[in-house]
Amino acid sequence: MNLLEVRNVSKAFGSLKALDDVSFTVEAGSIFGIAGPNGSGKSTLFNAITNIPFAPDRGEVIFEGNTVTGMRAPELARRGLARTFQRETSFDKLTVFENAVLAATYGKPDQSSAVNRRNAEEALELVGLDRRSFGRLADELSVFDRKCLMLATAVAMKPKILLLDEPASGLTKPEIETSIGLIKQIAQQGITIVLIEHVLTFLMTLSQQLLVLNQGKVLASGDPREVIGDPRVVEAYLGSRRHDA
Ligand SMILES: Nc1ncnc2c1ncn2[C@@H]1O[C@H](COP(=O)(O)OP(=O)(O)OP(=O)(O)O)[C@@H](O)[C@H]1O
Ligand SMILES: [Mg+2]
């Protein structure tokens, strides 16, 4: 079953076509990888899907068979769509636990505080932020723990689909290994994942499908091994500067 369908989505900034007629579908229960050189439109794609902070200029986003293009963020959260950001984002002056409870509550004003707290606790424990860290302020955490907190806030929303924007950027090799394990665990809970990443081992280990963007267009998509061997993909990567990998 298709959980998410992106149909002919375009987004321009002045004369720059950041997304140019992008289409793809994500199967329920899968991990769908997205790669592409810097500036190819990956984050813009997540922004346009989630309407944070803008909707596409053209095209449609279809979630569980319903058009959700331009829908407000709390409503998308209530329907089961969550995302993380390329830079660690949290409420710095709130505690770890408060950040997770706030996320669990987002878009669900009628959900009981007991359920919110339980969802927050489970999500924090899943990412390895144990009870001793619950009372710490978010801005006291290490970069890795801040990434884990952002992941936990997304999981606490109990999404059906989770869009992850470069979860491995800035991490050390062992931290990357830990993150791969965490994402596998999240997927095992039945959460469908769309994963933007530059670290190719990360994408190749996790993804069942891979899409490569270049200058706002879909360059290739399909089986990850075939896509990565596609000469056009090799050229797009070698012909561009990469910030890591
Ligand atoms: N809000 C904005 N206003 C103007 N231009 C923007 C805006 N957001 C993105 N762009 C431009 O759109 C293009 C695509 O940017 P985007 O951030 O989606 O790339 P990306 O593939 O996520 O790159 P990276 O790998 O560096 O994160 C870039 O040229 C970028 O400068
Ligand atoms: Mg980006």
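All ligand and atom numbering here is 1-based and tracks the order in the structure. Residue numbers count from 1 along this sequence. The structure displayed is predicted, hence computed values, not measured ones.
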Peer 1: Short check: any N/O/S atom of Ser43 below 2.8 Å from the Mg ion (ligand 2)?
Peer 2: yes
Peer 1: Using distance alone, decide if ligand 1 has a nitrogen or oxygen within less than 3.5 Å of any nitrogen or oxygen in Phe54.
Peer 2: no
Peer 1: I want to check a possible cation-pi pair here: Arg83 against Phe85, using under 6.0 Å from ring centre and within 45° of the ring axis as the test.
Peer 2: yes
Peer 1: Where on Leu45 is there a heavy atom closer than 4.0 Å to ligand 1, on the side chain, on the backbone, on both, or on neither?
Peer 2: neither
Peer 1: What's the verdict on salt bridge (charged side-chain N to carboxylate O under 4.0 Å, His left out) for Arg146 and Asp92, showing C-alpha distance, side-chain angles and the deciding distance?
Peer 2: CA-CA 10 Å; Arg146 283 170 68 89; Asp92 289 348; 3.3 Å; yes
Peer 1: Is a donor from one side chain sitting under 3.5 angstrom from an acceptor on the other, for Thr67 and Glu60?
Peer 2: yes
Peer 1: Considering only heavy atoms of Gly41, which atoms of ligand 1 have at least one such atom less than 4.0 Å away?
Peer 2: 14 (C), 18 (O), 19 (O), 20 (P), 21 (O)
Peer 1: Could you check whether the rings of Phe134 and Phe97 sit parallel, tilted or perpendicular, using 30° and 60° as the cut-offs?
Peer 2: parallel
Peer 1: Leu16 heavy atoms, cut-off 4.0 Å: which ligand 1 atoms fall inside?
Peer 2: 11 (C), 12 (O), 13 (C), 29 (O)
Peer 1: Only heavy atoms of Thr44, strictly under 4.0 Å: list the atoms of ligand 1 that pass.
Peer 2: 9 (C), 14 (C), 15 (O), 16 (P), 18 (O)
Peer 1: Are any of the heavy atoms in Ser40 under 4.0 Å away from ligand 1?
Peer 2: yes
Peer 1: Enumerate the atoms of ligand 1 whose separation from the nearest heavy atom of His198 is less than 4.0 angstrom.
Peer 2: 25 (O)
Peer 1: Can you see which heavy atom on Ile196 is nearest to which on Pro167, and at what distance?
Peer 2: O-CD, 3.4 Å
Peer 1: Kindly determine whether Asp139 and Lys93 satisfy salt bridge (charged side-chain N to carboxylate O under 4.0 Å, His left out), including the steps that lead there.
Peer 2: CA-CA 7 Å; Asp139 70 359; Lys93 295 299 172 198; 2.6 Å; yes
Peer 1: Which ligand 1 atoms are under 4.0 Å away from a heavy-atom of Ala18?
Peer 2: 12 (O)
Peer 1: Do you see a donor-acceptor pair shorter than 3.5 Å between the side chains of Glu175 and Thr178?
Peer 2: no
Peer 1: Look at the N, O or S atoms of Thr44, main chain and side chain alike, and state whether any lies under 2.8 Å from the Mg ion (ligand 2).
Peer 2: no
